[in-house]
Amino acid sequence: QEIIIRIAAVLMSIVFAGLILVIFGLNPLKIFATIIKGSLGTEIRIQQTIIRAIPLTITALGIIVAFKMKFWNIGAEGQILMGCVASAAMMIYAGNALPTGLLLVLMFVCSFIAGGIWGIIPAFFKARWNTNETLFTLMLNYVAMQVVTFCIVYWENPANSVGIINAPTRAGWLPQLFGLDYGWNLAIVLLLTVLMFIYMKRTKHGYEIAVVGESENTARYAGINVGKVIVRTVGISGGIAGIAGFILVSGSSHTISTSTAGGRGFTAIIVAWLAKFNVWAMAVIAFLLVFMQQGAIQIATQYNLNENASEVITGIILFFVIGCEFFINYKLEFRKKHSA
């Protein structure tokens, strides 16, 4: 029944979006065809869609760990940026001193640690003084942006920007795998998905996360150290987001800026929620969201429209999909009036 409701919600959203386009004098079939063309029309566009979906999926994997515990980690954007900083620093300072394999491993580990530290900070305050994690993690996003700005100024070249890091040597760049430039990106996201599924479903830590999320008092009664679980879990959550930063710097952009995260930390919240914390479903949802975003570029080019046109369509679809949860969680019953 849930599947039927969700399918009906998607179909209704497409119909409603089509009506909106008709009102504005546009052919909805052509618009939808353009979105598909912009995302999957050529090999390069398919590649770009996949490359953009991978760090979004990884970030969502990190978020679900904290969300499962009902720790509302809104700081994934900053955790990604800290992972980016760690990777960029390793490329700049150790790029010419270490073998490629060792350099990439250290970049991966340092990015995980940097993102993890950025998660542990609010987790410690939450565990120790019960601070509001939503505001704390949100504010740390802006602190992370300032850290990135400082690093850019410190590392800047005469062009007043970091530029492409190690362009001549490609030190710290993820190499091709299976003939694909993004092959390692795919391998990492697949491995992380499998590991997170096992961690959440088959380990003691995963069980503790679920218990703390249901009730901290019950967890304490069961002998679980709630504070320790909070710090450990959010550290892992931030660390995985930091790995997304490693993928962005080493596997795609090969540079760093305050916009490197590109809002993925916030979009990943939608991905995780729509997937109902199902690690396998998140990859599909992340791909669909990036699919719409990539289609926006083609719409703007072909029809001379603002890219927000596709964002409106995406918003309509999300409105219906999220709204259908009401009918999944609640059942409408109409009471019959009883005659006196």
Seminar exercise, completed: For I209 and V65, the nearest pair of non-hydrogen atoms, with its separation, is CG2-O, 3.8 Å
For this session: Consider only side-chain N and O atoms of T255 and S253, and report whether a donor and an acceptor are under 3.5 Å apart.
Result: no
For this session: Count the heavy atoms belonging to other residues, nucleotides or ligands that lie under 6.0 Å from CG of L191, then report whether that count exceeds 12.
Result: yes
For this session: Calculate, to the nearest 0.5 Å, the distance between atoms CZ and CG belonging to F178 and L186 respectively.
Result: 9.5 Å
Exercise. Should T57 and I54 count as side-chain neighbours, where that means a heavy-atom distance under 4.5 Å?
Worked result: no
For this session: Could you tell me the separation between the CD1 atom of I270 and the CE atom of M282, rounded to the nearest 0.5 Å?
Result: 14.0 Å
Problem set entry | Within-4.5 Å side-chain heavy-atom neighbours: E133 and V234 | no
Exercise. Is the number of heavy atoms from other residues, nucleotides or ligands under 6.0 Å of Q47 CD greater than 12?
Worked result: yes
Exercise. Are any of the side-chain heavy atoms of I36 and F291 separated by less than 4.5 Å?
Worked result: yes
For this session: Return yes if some donor-acceptor pair links the side-chain N/O of H254 with the main-chain N/O of V249 below 3.5 Å, else return no.
Result: yes
Exercise. Can you check whether M196 reaches I240 side chain to side chain, under 4.5 Å on heavy atoms?
Worked result: yes
Exercise. Would you find a donor on one side and an acceptor on the other, under 3.5 Å apart, between the side chain of T260 and the backbone of S257?
Worked result: yes
Problem set entry | Cluster overlap I236 with F108, hydrophobic side-chain contacts below 4.5 Å | yes
For this session: Quick one: pull up CZ in F266 and CG in N141 and give me the separation to the nearest 0.5 Å.
Result: 4.5 Å
Exercise. At their closest point, which heavy atom of A219 faces which heavy atom of V226, and how far apart are they?
Worked result: CB-CG2, 3.9 Å
Problem set entry | Donor-acceptor contact below 3.5 Å, side chain S259 vs main chain G262 | no
For this session: Please confirm whether the backbone N or O of V189 pairs with a side-chain atom of T193, one donor and one acceptor, at under 3.5 Å?
Result: yes
Exercise. Should the heavy atoms of other residues, nucleotides or ligands under 6.0 Å from NZ of K276 be counted, would the total exceed 12?
Worked result: yes
For this session: Output yes when a side-chain donor or acceptor of W129 lies under 3.5 Å from a complementary backbone atom of F124, and no otherwise.
Result: no
For this session: Nearest 0.5 Å please: distance from the CG atom of L274 over to the CD1 atom of I269.
Result: 12.0 Å
For this session: State whether the side chain of R220 and the backbone N or O of N225 hold a donor-acceptor pair below 3.5 Å, judged by distance alone.
Result: no
For this session: Might you confirm whether atom NZ of K68 has over 12 heavy atoms from other residues, nucleotides or ligands at distances under 6.0 Å?
Result: no
Exercise. Do L61 and I50 share a hydrophobic cluster, counting only Ile, Leu, Val, Met, Phe, Trp and Tyr and linking them when any side-chain heavy atoms are less than 4.5 Å apart?
Worked result: yes
Exercise. Are F246 and I188 close enough that some pair of their side-chain heavy atoms sits under 4.5 Å apart?
Worked result: yes
Exercise. Are L190 and L195 linked, directly or through other ILVMFWY residues, by side chains that come within less than 4.5 angstrom of each other?
Worked result: no
For this session: Can you see which heavy atom on P55 is nearest to which on L248, and at what distance?
Result: CG-CD2, 3.7 Å
Problem set entry | L103 and M107, any side-chain heavy atoms less than 4.5 Å apart | yes
Exercise. Should N130 and F125 count as side-chain neighbours, where that means a heavy-atom distance under 4.5 Å?
Worked result: no
Problem set entry | Nearest atoms (heavy-atom pairs only) where S13 meets I316 | O-CG2, 3.7 Å
Exercise. Is I35 close to M292 at the side-chain level, that is, under 4.5 Å between some pair of heavy atoms?
Worked result: yes
For this session: Decide yes or no on side chain to side chain contact (heavy atoms under 4.5 Å, CB included) for Y199 and H205, but give the supporting numbers first.
Result: CA-CA 7 Å; Y199 182 78; H205 287 180; 3.2 Å; yes
Problem set entry | Pair V147-Y142, side chain to side chain contact (heavy atoms under 4.5 Å, CB included): steps then yes or no | CA-CA 9 Å; V147 172; Y142 300 99; over 6 Å; no
Exercise. Got a salt bridge between E216 and K70, using NZ or NE/NH1/NH2 to carboxylate O under 4.0 Å?
Worked result: no
Exercise. Do other residues, nucleotides or ligands put more than 12 heavy atoms under 6.0 Å from R170 CZ?
Worked result: no
Problem set entry | V290 reachable from W280 in the ILVMFWY side-chain graph, under 4.5 Å edges | yes
For this session: Might you point out which heavy atoms bring T137 and P122 nearest each other, and give the distance in Å?
Result: CG2-CG, 3.6 Å
Seminar exercise, completed: Rounded to the nearest 0.5 Å, the CH2 atom of W173 sits from the OG atom of S252 at a distance of 10.5 Å
Side-chain atoms of residues 71-91: list all donor-acceptor pairs with protein atoms under 3.5 Å, sequence neighbours left out, distances to 0.1 Å.
from : atom 1 : to   : atom 2 : distance (Å)
N73  : OD1    : G75  : N      : 3.0
N73  : OD1    : Q79  : NE2    : 3.2
N73  : ND2    : Q79  : OE1    : 3.2
N73  : ND2    : S237 : OG     : 3.1
E77  : OE1    : R264 : N      : 3.3
E77  : OE1    : G265 : N      : 2.8
E77  : OE2    : G263 : N      : 2.8
Q79  : NE2    : G75  : O      : 3.4
S87  : OG     : G83  : O      : 3.4
S87  : OG     : S111 : OG     : 2.5

Exercise. Do F277 and V194 sit in the same hydrophobic cluster, where Ile, Leu, Val, Met, Phe, Trp and Tyr count as joined when their side-chain heavy atoms come under 4.5 Å apart?
Worked result: yes
Exercise. From I113 CD1 over to I243 CD1, what is the distance, rounded to the nearest 0.5 angstrom?
Worked result: 10.5 Å
Exercise. Are Q294 and R52 close enough, and set up right, to give a side-chain hydrogen bond (donor to acceptor under 3.5 Å, both in side chains), and what steps lead you there?
Worked result: CA-CA 9 Å; Q294 290 294 99; R52 291 175 181 272; 3.1 Å; yes
For this session: Carefully, step by step, assess E208 and R232 under the rule side chain to side chain contact (heavy atoms under 4.5 Å, CB included).
Result: CA-CA 11 Å; E208 290 176 342; R232 181 185 66 212; 2.7 Å; yes
Exercise. So, N278 side chain and A281 main chain: donor-acceptor pair closer than 3.5 Å or not?
Worked result: yes
Exercise. Where do F32 and I14 land on the side chain to side chain contact (heavy atoms under 4.5 Å, CB included) test, with the steps shown first?
Worked result: CA-CA 9 Å; F32 291 137; I14 293 174; 4.0 Å; yes
Exercise. L140 and W118: which non-hydrogen atoms are nearest, and at how many Å?
Worked result: O-NE1, 3.1 Å
Exercise. Taking the six-membered ring for Trp, are the ring centroids of W273 and F67 within less than 6.0 Å of each other?
Worked result: no
Problem set entry | Whether S250 side chain and I247 backbone form a donor-acceptor pair below 3.5 Å | no
